[in-house]
Amino acid sequence: MAPLPEPVRSIGTIVSYHAHVYFDGAEERAAAERLRAGIAQRFMVRLGRWHEVPVGPHTLPMYQVAFETRLFATLVPWLMLNHRGLSILIHPNTRFPRRDHLFSGLWLGQRQALLGERLPEDSPEADGAGIPNTEPAGTTPI
Ligand code: ZN
């Protein structure tokens, strides 16, 4: 890959992160359910609804986990160890959704195709993590 012809970008431009958990078929959906429960028990995040058919740039069914930047150092390693073979895209949210998904993300499991043309190049505001909808007890080890 050629060096990027642009200024160095600061991590201060990252407002939040998403983890997109993909599943293909009943077995993977069951694994995605167990993973979702495991996340909810441990982390203050916003779990998105189940998308049983591909939406937006995504080419497989999935759900999204929105989380604050301070959770990266615990949630991402936990997902590394517990993703059960599922494909997960973890991407930053800056003001550039297309770049965030296509170039700045990292993958656990198999990389999946994304329909980047369905994402805006630039958006007026980066997506925040939203209000958490999990209630981790704080006693489940991570
Ligand atoms: Zn996303």
- Are L60 and V55 linked, directly or through other ILVMFWY residues, by side chains that come within less than 4.5 angstrom of each other? yes
- Task: Mind listing the closest non-hydrogen atom pair of V65 and Y63 along with its distance?
- Result: CG2-CE1, 4.0 Å
- Donor-acceptor pair, R42 side chain versus P141 backbone, under 3.5 Å? yes
- Can you pull the ring pair (Phe, Tyr, Trp, His ring centres under 6.0 Å) pairs that have at least one residue in residues 104-142, sequence neighbours excluded? Y22-W107
- Could you tell me whether the side chain of R95 and the main chain of D122 form a donor-acceptor pair under 3.5 Å? no
- Item | Spacing of CG belonging to L89 relative to CG belonging to L106, to within rounding of 0.5 Å | 7.5 Å
- Query: Just how far is it from atom CG of D100 to atom CD1 of I14, taken to the nearest 0.5 Å?
  - Reply: 8.0 Å
- Task: Find out if a path of hydrophobic residues (ILVMFWY) with successive side-chain heavy-atom gaps under 4.5 Å connects I39 to I90.
- Result: yes
- Note on the structure: Here the gap from F43 atom CZ to T140 atom OG1, rounded to the nearest 0.5 Å, amounts to 10.0 Å
- How long is the span from the CZ atom in R36 to the CZ atom in R29, to the nearest 0.5 Å? 9.0 Å
- Task: Could you tell me which non-hydrogen atom of L79 sits nearest to which non-hydrogen atom of A19, and how far apart they are?
- Result: CD1-CB, 4.2 Å
- Message: Please find the pair of heavy atoms, one from L71 and one from M44, that lie closest to each other, and give the distance.
- Response: CD1-O, 3.2 Å
- Item | Path from M62 to V45 over hydrophobic side-chain contacts below 4.5 Å | no
- Taking atom CG of L81 as the centre, does the number of heavy atoms from other residues, nucleotides or ligands within less than 6.0 Å exceed 12? yes
- Item | Parallel, tilted or perpendicular, as decided by the 30° and 60° cut-offs, for the rings of F72 and Y17 | tilted
- Quick one: does N133's side chain have a donor or acceptor within less than 3.5 Å of a partner on L47's backbone? yes
- Query: Does atom CD of E52 have more than 12 heavy-atom neighbours from other groups under 6.0 Å away?
  - Reply: yes
- Message: Within this structure, what is the CD-CD1 distance for the pair Q41 and I142, rounded to the nearest 0.5 Å?
- Response: 13.0 Å
- Item | Minimum heavy-atom distance between A126 and V15, given as atom pair plus value | CB-CG2, 3.5 Å
- Check the surroundings of atom CD in E117: do more than 12 heavy atoms from other residues, nucleotides or ligands lie under 6.0 Å from it? yes
- Task: Give the intermediate values and the outcome of side-chain contact (heavy atoms from CB on, under 4.5 Å) for residues E33 and W50.
- Result: CA-CA 10 Å; E33 272 172 44; W50 290 87; 3.6 Å; yes
- Query: According to the side chain to side chain donor-acceptor pair (under 3.5 Å) rule, which pairs have a member within residues 69-80, sequence neighbours left out?
  - Reply: E68-R70
- Is the backbone N or O of F96 less than 3.5 Å from a side-chain atom of T94, with the two atoms forming a donor-acceptor pair by type? yes
- Determine the minimum heavy-atom distance between Q110 and S87, stating which atoms define it. O-OG, 2.6 Å
- Task: Apply the side-chain contact (heavy atoms from CB on, under 4.5 Å) test between S104 and each candidate in R98, R9, H91; give the one that qualifies.
- Result: R9
- Message: Would you say the ring centers of H20 and H58 fall short of 6.0 Å from each other?
- Response: yes
- Hey, does the side chain of H83 reach the backbone of L86 with a donor-acceptor pair shorter than 3.5 angstrom? yes
- Task: Supply the atom-to-atom distance I88 CD1 to M80 CE, rounded to the nearest 0.5 angstrom.
- Result: 10.5 Å
- Note on the structure: Closest non-hydrogen atoms of Q112 and T59, given as atom of the first, atom of the second and distance, are CB-OG1, 4.5 Å
- Message: Less than 4.5 Å apart, side chain to side chain, heavy atoms only: is that true for L114 and L102?
- Response: yes
